[in-house]
Amino acid sequence: MKSRELSLIAMFLSFLVVFVPYFIDVPALDTFSTKLITITAITVSFTLLLAIHSQFKRGFDFVRRKPRGWIFKVYMMITIVLMLLFALGGLETGPYHWAMYAIITPLSSVNYGILAFYLASTCARAFKARNTKSILLILTGFIMLLYQAPFTGAFFDLGPIGIYLANTFGLAAGRMFLISVTVGAMVFGIRILLGQEPGVLGIRSEE
Amino acid sequence: MFLVVAIFVIVYYYLKSGKIPYVRRVAGLDAIEEAVGRSAEMGKPVMSTIGIDGFNYWTLAALTILEHVSRDCVKKGVRILVPTGGGDSSYIVRPVAEEIVKDAYMLEGNPEDYRPEDLPFLSGQQYAYTGGVVGILQRAKPGACIMVGGHHSEAMNIAETAVLVGAITITSGTYVSNVAVLACASDYILIGEESPAAGAYLSKDPAQRASIRCQDIYKGISIALIILGTFVRTLGSSFFIQLLSS
Amino acid sequence: MTDPVELSIMVVGCFLSMCMFSTLYGKSSPLYSLAEESYIGFATGLTIVMNLMYIYNTGVVGIQGGDWILIFGFILGIATLLRINPKYSYFSRLPIAITLGAQLGLSLRTQIYTGFIDQIKASIVPLFEGSAKTLIYNWTTFICVIFMLSFFLYTIEIKGPIKLSAKIGEYLMYASFGAIFAQTFMGRLGLFVGSIQNFTVPPWKKPILIACMAIVLVALIALDKLNLLEKLTPEE
Amino acid sequence: MSLLKSFNSYDSRIVYLLLFLIVTIPLLSPMGLPISVSPSTVTYYEVIDALGPDDLVLVVLDTEFSGYMEIQSGIIASMRVMVERDAKMCVAVSHPEATGIPELVFAAIKNTVDEHGYTYGEDYVILGYVFPNEAAVASAAQDWQGVIHNDFYGQSTEGTFLDQIHDWSDWTLISDYTTGIQSGSLINHFGLRGTPMIVNCIGVMISTQMPYLSTGIYQALLQSMRGGAELEYLTGHPGPGMTAMDAFTLGHYMLIVLIIIGNIGYFGTKENSRRNVE
C-alpha cells in the first residue's frame with residue numbers, strides 16, 4: 001500500500017519538475033529539470049543490464065533444453081561477446097569498425113528497404129475497388145504514384161495536382177491526426193498522474 | 001498553461017462524476033477479445049508488442065492494452081509473446097511489461113505458468129528488433145498480432161508479416177503516414193486517440209469511460225476555434241491567431 | 001586491387017543481406033535465422049558499448065566535473081538492477097516511477113504546442129484572399145480538417161448532420177490515405193534502392209551482388225524442395 | 001477465366017521477385033531516363049545558396065545508416081554547397097550508426113574541400129554521437145558550452161568557431177537530415193525558439209514533416225532521394241541520386257500496373273462468380 005503511494009507521488013513530482021519549467025520561466029527550475037532528465041537517462045542506460053541479463057538467461061535456457069536450432073542462440077550469445085571484445089580494440093578502426101560496416105549497417109538498411117516489398121504486396125491486396133472508400137483510396141494513390149515517378153514529370157506535368165493532393169489532403173490528415181493524438185495523450189497523461197492506471201508503473205490494480 | 005490546468009480540471013470532474021455518456025464502439029479495441037479467442041481455438045500464441053520507445057504516451061497506452069490482453073490470454077490459456085527492446089529508452093519499459101504479464105498469471109492463480117523467455121529482449125537497435133520480431137512471427141505463427149505502442153517505420157514489417165502468416169492484426173500508427181499504410185495492411189487499426197484512450201475504453205469502470213468525454217470536449221473546442229478563427233480571419237482580423245500565440 | 005578488408009565487408013554484408021531478403025520467400029528458413037541472430041547479437045553488443053559510453057561520458061565525466069547531482073542517476077540505476085533478485089524488486093519501483101514521470105512530462109510538454117495550438121493556428125487561414133490557387137488550397141484543407149475531426153467524436157451519438165459530416169470525414173480520410181500511401185511507397189522504394197546501391201557502387205561490387213543473390217535463391221529453393229527448411233530453423 | 005482469377009489472387013512472392021528485379025537491374029546498368037525539378041527543391045537550394053563565410057551551420061545527421069542510403073544524395077549535394085560557400089559547419093549525430101557517415105560524406109566531396117581549402121577545426125568540426133535523446137538536444141540548445149567539450153576524435157573544441165556558440169540563437173541555420181529520430185526535439189528546442197531550420201527527410205516522413213513547413217518552422221524541405229537527385233541536378237554534380245532515378249520510375253510504374261491488374265482480376269472474377277450463381 002505504502003509503496004504504491006510513494007511511487008505515485010514520485011511520478012507526479014518528477015512529472016511536474018520536467019513539465020512546469022517549460023511554461024514558466026524560472027532559470028533555477030529549468031536547470032534542475034535538465035539535470036533530472038539527464039539523471040533518468042543514466043538510469044535508463046543502467047536498466048539495459050537487466051535486459052541483457054534476461055537475454056543471456058533465455059539463451060542459456062535454450063542451450064539447456066536443446067530444442068531444434070538451439071545452436072543459433074549459442075551463436076547469438078557468441079556474437080554479443082565478440083562485439084564487446086571488438087570494442088576493446090577501439091571504436092574507429094579494427095574489428096569493431098568491420099562489424100559495424102559488414103553486419104550492422106547493411107542489415108539495418110536491408111530491413112528498412114524490405115518495407116518497399118511489404119507495401120507492394122499490401123497495395124496489390126488492398127487497392128481493389130470494393131466500395132466508395134477504396135475507390136477514393138485508389139484514385140488518389142494512383143495519381144500520386146504517377147506524379148512521383150520522376151520519368152512522368154518529363155512528359156506531363158502532374159506536379160500541380162500531386163502537390164495539391166499532398167499539401168491539402170495529406171496535410172489535413174496529418175493535422176487531424178496530431179490534434180486527435182494530442183487530445184488523447186493529454187487526457188491519458190492526466191489519468192496516469194491521478195493514479196488511474198497503476199499498471200503502467202508495474203503495480204497491480206488490486207494491490 | 002491555462003489549457004493544461006483547464007483540461008486537468010475537466011478530466012478530474014468527469015472521473016469523479018462517473019456519468020456514463022454514450023461511447024461509440026471502437027472496432028479495433030472490440031476485436032482484441034475476438035482475436036485472442038480465435039487464437040485459443042486454433043491453439044496458437046498471441047503476439048502483443050509495446051513499441052520501441054521509452055515511457056511516452058504511446059508506450060504507456062500500449063502497456064494498458066497489454067494489461068488487458070495478457071489477462072485475457074491467461075484466462076483462455078493462450079501463450080503470449082511480448083518482444084521488447086528496439087530503442088535507446090526502451091530498456092526501462094521492459095521490467096514493467098514483465099511485471100504486467102507476470103501479474104496476469106498471478107491473478108489467474110497460476111504463476112508457475114509464466115515463462116520469462118516469452119518476453120525476449122531483441123537488442124536496442126530498431127531494425128535488429130524488427131528482424132527478430134519478423135523471425136518470431138514466421139516461426140511461431142501466432143493467431144493474432146496486437147501491435148500497439150511507439151512503433152515507427154518498422155510497424156509495416158511487423159504488420160505485413162503477421163498478415164502473411166495468417167494472424168489477425170490489430171495495429172496503431174504513431175504518425176500519419178504509418179496510419180495510412182497500416183490501414184491498408186491490417187485487419188483493424190486504432191487511429192489517433194483510440195490508442196491512448198484504450199485504457200479508459202477497455203476498463204469496466206464507468207468513471208474511466210467518462211474521461212473519454214473530455215477528449216471530445218477538446219476536439220469540439222478545436223473545431224470551434226478553427227471555424228471561428230477562419231471566419232474572423234476572413235473578415236480581416238487575426239484576433240484568434242494572436243490569442244493562440246500568447 | 002581492392003583492399004581485402006573492404007572486400008570482406010562487402011562479401012559478408014552482401015551475403016547476410018540476401019539472407020535477410022529470404023524472409024520474402026514466406027517460409028522460415030535457417031538462412032534468415034542466421035542473418036537475424038547475427039544482427040541481434042552484434043546490435044546488442046553495440047547497444048552495450050554505446051550505453052556504457054553514455055554512462056561514462058555523461059555520468060562519470062559529469063561527476064568528475066563537479067556535477068554531483070548526477071550521482072543520483074547511478075543510485076537509481078543500481079536500484080533498478082536489484083530486480084534481478086525478486087526479494088529486492090521492491091526497490092526498482094521508485095526509479096521506474098521517477099523515469100516515467102520525467103519521460104511523460106518530456107513527451108507531453110511540447111505536444112500541446114506542436115500538436116494542438118500550432119495545428120489550430122495553422123488551420124486558421126483566410127478563405128477569400130490571395131490567388132485562385134491559394135484559395136483552392138485553403139478551402140480544401142479547411143473542409144478536410146473540419147470533417148475529419150468530426151469523424152473522431154466518440155461520445156456523441158452519430159445521427160443527423162453529424163452522421164453526414166462524419167461520413168464525409170471518413171471518405172476524405174481514405175482519399176488522403178491513398179496519397180499518403182503513395183508518398184510512403186516512394187520513401188520505402190528510396191530506402192530499398194539505397195540499400196541495393198550500397199552493393200553496386202563502386203562497380204567492382206556488382207558481380208559479388210549477383211553471386212550472393214544466386215547462391216541464396218538456389219539454396220532457398222533447394223532446401224524447400226528437400227523439405228529441410230522447417231527442419232533446420234530453430235523452434236520458437 | 002483462370003487468367004483473371006490468377007490476376008485476382010496471386011502469390012505475393014511473384015510481386016516480390018518482380019520488384020526486386022525491376023529495381024536491381026537498372027541499378028546494375030543505368031538507362032538514364034529524364035527527370036524534372038520540383039519547386040520545393042528550388043527553395044531548398046536558394047536557402048543553402050545564400051550562405052556565406054560568416055554563417056554558422058549546425059548539421060545534424062539524424063538518421064540510421066539505412067536512412068543515409070536513401071538521402072545520401074541530398075546530404076552530399078547540400079554539404080558540397082555549404083563547403084563551396086565557405087560556411088562554418090558543425091556536424092552532430094543523433095544515432096550511433098551515423099557516427100561513420102561524416103567520414104563518408106567528406107570523402108565524397110573531397111575535391112571540393114581541397115579546392116576551397118576547407119580545413120578541419122577552422123571551417124568544420126565533427127562532434128559524433130552527441131544527441132542521443134531529447135534531453136541532450138534540450139541542453140545543447142540552452143547551454144552549448146556546458147555540454148559540448150570535445151569533438152568526435154576526443155580533442156577539445158576550444159579555439160574553434162564553436163566558441164561563438166552559447167545557445168540556440170547563435171546558429172545561422174540548422175540543417176537536419178532526418179529519418180525522424182530527433183527532428184521533433186530539434187523543432188522543440190531550436191525551431192520553435194526561432195532558429196532557422198532546413199530539413200532533408202526520408203520519403204516516409206514527408207507527410208509528417210509537411211505541417212512544420214507550412215507553419216513556417218522549416219524554411220525548406222528537401223524530399224527523399226528524389227529531392228536529392230534534383231539538388232544534384234541543380235548543383236551540377238551528378239551522383240548516386242540521379243543514377244537511382246531509373247529504378248525509382250520503374251518501381252512506381254510497377255505498382256501502378258499491379259493496381260490495374262488487381263482490379264481487372266477483381267472485377268473479372270466478380271462478374272464470373274455472379275454469372276455462375278445465376
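Order of the sequence lines sets the chain letters (A, B, ...), proteins ahead of strands, with each chain counted from 1. As the structure is a prediction and not an experimental result, all values here were calculated from the model.
- Of the two parts of Phe151(C), the backbone and the side chain both hold a non-hydrogen atom closer than 4.5 Å to a non-hydrogen atom of chain B.
- Interface remark: Phe116(C) contributes side-chain atoms only to the contact with chain B (heavy atom separation under 4.5 Å).
- Atoms OG1 and CD1, on Thr230(B) and Ile120(C) in that order, are 10.5 Å from each other to the nearest 0.5 Å.
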task = Give the intermediate values and the outcome of side-chain contact (heavy atoms from CB on, under 4.5 Å) for residues Tyr91(B) and Thr47(C).
result = CA-CA 11 Å; Tyr91(B) 324 125; Thr47(C) 317; 2.8 Å; yes

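- The closest donor-acceptor contact from the side chain of Asp216(B) to the backbone of Thr155(C) lies under 3.5 Å.
- Between Phe55(B) and the options Leu106(C), Ile96(C), Leu104(C), a side chain to side chain contact (heavy atoms under 4.5 Å, CB included) holds for only Ile96(C).
- In this structure, CZ in Phe177(C) is found 9.5 Å from CG in Leu182(B), a value given to the nearest 0.5 Å.
- When atom types are taken as modelled, the side chain of Tyr32(C) and the backbone of Gly131(B) share a donor-acceptor pair closer than 3.5 angstrom.
- When side chains are defined from C-beta on, Gln138(B) does not count as touching Glu36(C), because their heavy atoms never get closer than 4.5 Å.
- Atom-to-atom distance recorded for Met50(C):CE and Asp88(B):CG is 9.5 Å, nearest 0.5 angstrom.
- Interface remark: Ile136(B) contributes backbone and side-chain atoms alike to the contact with chain C (heavy atom separation under 4.5 Å).
- In terms of heavy-atom pairs under 4.5 angstrom with chain B, the leader among Thr44(C), Val145(C), Leu191(C) is Thr44(C).
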inquiry  = Evaluate Arg139(B) against Glu230(C) for salt bridge (charged side-chain N to carboxylate O under 4.0 Å, His left out), listing each step before the verdict.
reply    = CA-CA 9 Å; Arg139(B) 292 189 293 267; Glu230(C) 192 83 337; over 6 Å; no

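- A 6.0 Å sphere centred on CZ of Phe91(C) holds no more than 12 heavy atoms belonging to other residues, nucleotides or ligands.
- Of the two parts of Leu235(B), neither the backbone nor the side chain holds a non-hydrogen atom closer than 4.5 Å to a non-hydrogen atom of chain C.
- For chain C, no part of Tyr129(B) is nearby; none of its heavy atoms comes within less than 4.5 Å.
- Proximity to chain C (any heavy atom under 4.5 Å) is shown, for Val165(B), by neither the backbone nor the side chain.
- When Val26(B), Thr59(B), Ile92(B) are compared by the number of non-hydrogen pairs under 4.5 Å with chain C, Ile92(B) comes out ahead.
- Proximity to chain B is limited to the side chain of Met173(C), based on heavy atoms less than 4.5 angstrom apart.
- Gln183(C) does not touch chain B: none of its heavy atoms, backbone or side chain, sits under 4.5 Å away.
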Test side-chain contact (heavy atoms from CB on, under 4.5 Å) applied to Tyr154(C) and Tyr201(B), step by step = CA-CA 11 Å; Tyr154(C) 288 94; Tyr201(B) 183 87; over 6 Å; no

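- Here the closest heavy-atom approach between residue Leu149(C) and residue Ser222(B) is recorded as CD1-OG, 4.1 Å.
- Most heavy-atom pairs under 4.5 Å with chain B: of the set Pro126(C), Ser29(C), Gly101(C), this distinction falls to Pro126(C).
- Between Gln103(C) and Ser89(B), the side chains place no donor N or O within less than 3.5 Å of an acceptor N or O (distance only, hydrogens not considered).
- If you measure heavy-atom distances from Leu46(C) to chain B, the contacts under 4.5 Å come from the side chain alone.
- Your options are Pro120(B), Ser123(B), Ser177(B), and the one with the most heavy-atom pairs under 4.5 Å with chain C is Ser123(B).
- Only the side chain of Leu108(C) comes within less than 4.5 Å of a heavy atom of chain B; its backbone N, CA, C and O stay farther away.
- With a 6.0 Å radius and a threshold of 12 heavy atoms from other residues, nucleotides or ligands, Tyr114(B) has its OH atom above the threshold.
- Contact annotation for Ala140(B): both backbone and side-chain heavy atoms come within less than 4.5 Å of a heavy atom of chain C.
- At a threshold of 4.5 Å between non-hydrogen side-chain atoms, the residues Gln111(C) and Tyr57(B) count as touching.
- With a 4.5 angstrom heavy-atom cutoff, Asn51(C) touches chain B only via side-chain atoms.
- With chain C as partner, the option from Val232(B), Leu81(B), Leu122(B), Ile226(B) having the largest number of non-hydrogen pairs under 4.5 angstrom is Ile226(B).
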request  = Could you give me the CA-CA distance, side-chain angles and deciding distance for Leu100(C) and Leu60(B), then say whether side-chain contact (heavy atoms from CB on, under 4.5 Å) is met?
outcome  = CA-CA 9 Å; Leu100(C) 194 152; Leu60(B) 294 169; 3.8 Å; yes

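- Interface remark: Ile191(B) contributes backbone and side-chain atoms alike to the contact with chain C (heavy atom separation under 4.5 Å).
- Heavy-atom distances place both the backbone and the side chain of Tyr127(B) under 4.5 Å from chain C.
- Using a 4.5 Å cut-off between heavy atoms, Glu193(B) touches chain C through its side chain atoms alone.
- Contact of Ser123(C) with chain B is made through backbone and side chain together, with heavy-atom distances under 4.5 Å.
- Judged as a salt bridge (Lys or Arg N to Asp or Glu O under 4.0 Å), and not counting sequence neighbours, the contacts of Arg115(B) are Glu117(B), Asp118(B).
- If you tally non-hydrogen atom pairs under 4.5 Å between each of Val134(B), Val96(B), Thr130(B) and chain C, the highest count goes to Val134(B).
- Between Phe231(B) and Leu127(C), every side-chain heavy-atom pair lies at or beyond the 4.5 Å cut-off.
- Scanning both residues, Ser150(C) and Ile223(B), for their nearest heavy atoms gives N-CD1, 4.2 Å.
- Ala128(B) and Ile40(C) make their closest contact through O-CG1, 3.7 Å (heavy atoms, listed as atom of the first residue, atom of the second, distance).
- Proximity to chain C among residues 150-162 of chain B is limited to Ser153(B), judged by heavy-atom separations below 4.5 angstrom.
- The shortest non-hydrogen separation linking Ile124(C) to Arg233(B) is CG2-CB, 3.9 Å.
- Your options are Phe181(C), Phe128(C), Phe152(C), and the one with the most heavy-atom pairs under 4.5 Å with chain B is Phe152(C).
- Rounding to the nearest 0.5 Å gives a distance of 12.5 Å between CD1 of Ile212(B) and CG of Leu153(C).
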